[in-house]
Amino acid sequence: MILTKAQYDEIAQCLVSVPPTRQSLRKLKQRFPSQSQATLLSIFSQEYQKHIKRTHAKHHTSEAIESYYQRYLNGVGKNGAAPVLLELANEVDYAPSLMARIILERFLQEHKETPPSKSVINSMLRDPSQIPDGVLANQVYQCIVNDCCYGPLVDCIKHAIGHEHEVLLRDLLLEKNLSFLDEDQLRAKGYDKTPDFILQVPVGLGRV
């Protein structure tokens with residue numbers, strides 16, 4: 001189905017008032033049943049990333065970080081099983097996975113002798129069982145699985161889709177008997193930029 005500019009704007013406007021969670025995506029599908037899940041997710045992700053870029057700085061001031069951390073501690077102190085971190089992210093309109101990163105970094109700064117490296121934090125976000133606090137590990141996990149725009153789970157999905165399309169493109173090139181170089185071959189030749197494929201012989205495209 002062709003998506004018109006008016007339909008795109010209507011969907012984008014609807015996204016202004018909803019958090020970037022899978023529950024919101026399901027509600028969006030109910031409101032726009034004629035649009036595919038992939039189309040809605042693509043618009044959802046694109047519009048929310050614009051919003052995050054506009055508001056990113058205000059969530060990373062020292063005052064904001066400390067406020068979020070204290071609210072997290074107070075929340076889990078009352079009920080560690082409640083989705084405190086996810087609800088906090090939704091309340092302040094910030095991506096759950098990014099909120100989880102803020103709180104995790106602040107926690108590690110408080111409990112580790114040396115500042116946590118980016119690789120350590122990324123590893124813990126990919127596998128929350130590595131987090132040395134069971135309550136925080138569960139809170140981070142809830143944020144990761146409920147975030148449909150950011151986080152390691154979304155990154156894995158995007159990578160899988162990209163790999164699937166790359167395989168389909170390779171099969172199509174082979175089917176058409178076209179000569180090409182793939183990423184590994186380009187990298188071996190010293191290319192600093194490696195698209196999925198480069199045709200070795202130019203091909204003219206035209207309508208039949």
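- Every residue was checked against the salt bridge (charged side-chain N to carboxylate O under 4.0 Å, His left out) condition with Asp171, not counting sequence neighbours, and none meets it.
- In this structure, Gln35 contributes its side chain and Leu40 its backbone to no donor-acceptor pair below 3.5 Å.
- Using a 4.5 Å heavy-atom cutoff, the side chains of Cys14 and Arg31 are in contact.
- For Arg101, the salt bridge (charged side-chain N to carboxylate O under 4.0 Å, His left out) partners two or more places apart in sequence, or in a different chain, are Glu105.
- Side-chain atoms of Gln139 come within 3.5 Å of backbone N or O of Gly80 as a donor-acceptor pair.
- Within the structure, salt bridge (Lys or Arg N to Asp or Glu O under 4.0 Å) contacts touching residues 127-146 (residues at least two apart or in different chains) do not occur.
- Across Ile144 and Leu125, no two heavy atoms sit closer than the pair CG1-O, 4.1 Å.
- With no hydrogens or angles considered, a side-chain donor-acceptor pair links Thr39 and Ser36 at under 3.5 Å.
- When the side-chain hydrogen bond (donor to acceptor under 3.5 Å, both in side chains) test is applied to Gln37, no partner is found at least two apart in sequence or on another chain.
- The side chain to side chain contact (heavy atoms under 4.5 Å, CB included) search around Ser119 returns Ser117, not counting sequence neighbours.
- With sequence neighbours left out, the side-chain hydrogen bond (donor to acceptor under 3.5 Å, both in side chains) criterion links Gln109 to no other residue.
- Atom OH of Tyr69 sits in a crowded spot, with more than 12 heavy atoms from other residues, nucleotides or ligands closer than 6.0 Å.
- The structure places CG of Asn74 at 13.5 Å from CG of Asn79, a figure rounded to the nearest 0.5 Å.
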List, one per line, each side-chain donor-acceptor pair under 3.5 Å for residues 58-65, sequence neighbours excluded.
from, atom 1, to, atom 2, distance (Å)
His59, ND1, Tyr68, OH, 2.7
His60, NE2, Tyr94, OH, 3.0
Thr61, OG1, Ala64, N, 3.1

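- Atoms CD and OG, on Gln49 and Ser45 in that order, are 4.0 Å from each other to the nearest 0.5 Å.
- Here CD1 of Ile43 is found 9.0 Å from CD of Gln7. Values are rounded to the nearest 0.5 Å.
- Applying the side-chain hydrogen bond (donor to acceptor under 3.5 Å, both in side chains) rule to Ser67 yields no partners; only residues at least two apart in sequence or on another chain are considered.
- The shortest distance between side-chain heavy atoms of Gln13 and Asp9 does not fall below 4.5 Å.
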Open item on the list: Run Leu168 and Leu172 through side-chain contact (heavy atoms from CB on, under 4.5 Å) and show every step you take.
Closed with: CA-CA 6 Å; Leu168 292 174; Leu172 181 61; over 6 Å; no
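- With a 4.5 Å cut-off on side-chain heavy atoms, Asn90 and Pro96 count as touching.
- Note: Leu28 CG to Leu41 CG = 10.0 Å, rounded to the nearest 0.5 Å.
- For residues 64-74, the set of pairs meeting the salt bridge (Lys or Arg N to Asp or Glu O under 4.0 Å) definition, not counting sequence neighbours, comprises Glu66-Arg106, Arg71-Glu91.
- The two residues Ala81 and Gln142 have their closest heavy-atom pair at O-NE2, 4.1 Å.
- With contacts defined as side-chain heavy-atom distances shorter than 4.5 Å, the pair Phe107/Ile102 does not qualify.
- For His51, the side chain to side chain contact (heavy atoms under 4.5 Å, CB included) partners are Tyr48, Arg54, Thr55, Asp93, not counting sequence neighbours.
- Between the CD1 atom in Ile103 and the CG atom in Leu136 there is a gap of 8.0 Å [rounded to 0.5 Å].
- Summarising the geometry of Asp147 relative to Ser97, their closest heavy-atom pair is OD2-N, 2.9 Å, with the distance given to 0.1 Å.
- Using a 4.5 Å heavy-atom cutoff, the side chains of Val92 and Leu88 are in contact.
- Expressed to the nearest 0.5 Å, how far OH of Tyr150 lies from SG of Cys143 amounts to 15.0 Å.
- Not counting sequence neighbours, Lys118 has no partner by the salt bridge (charged side-chain N to carboxylate O under 4.0 Å, His left out) test.
- Remark: Glu10 pairs with Phe32 by the side chain to side chain contact (heavy atoms under 4.5 Å, CB included) rule, at least two apart or across chains.
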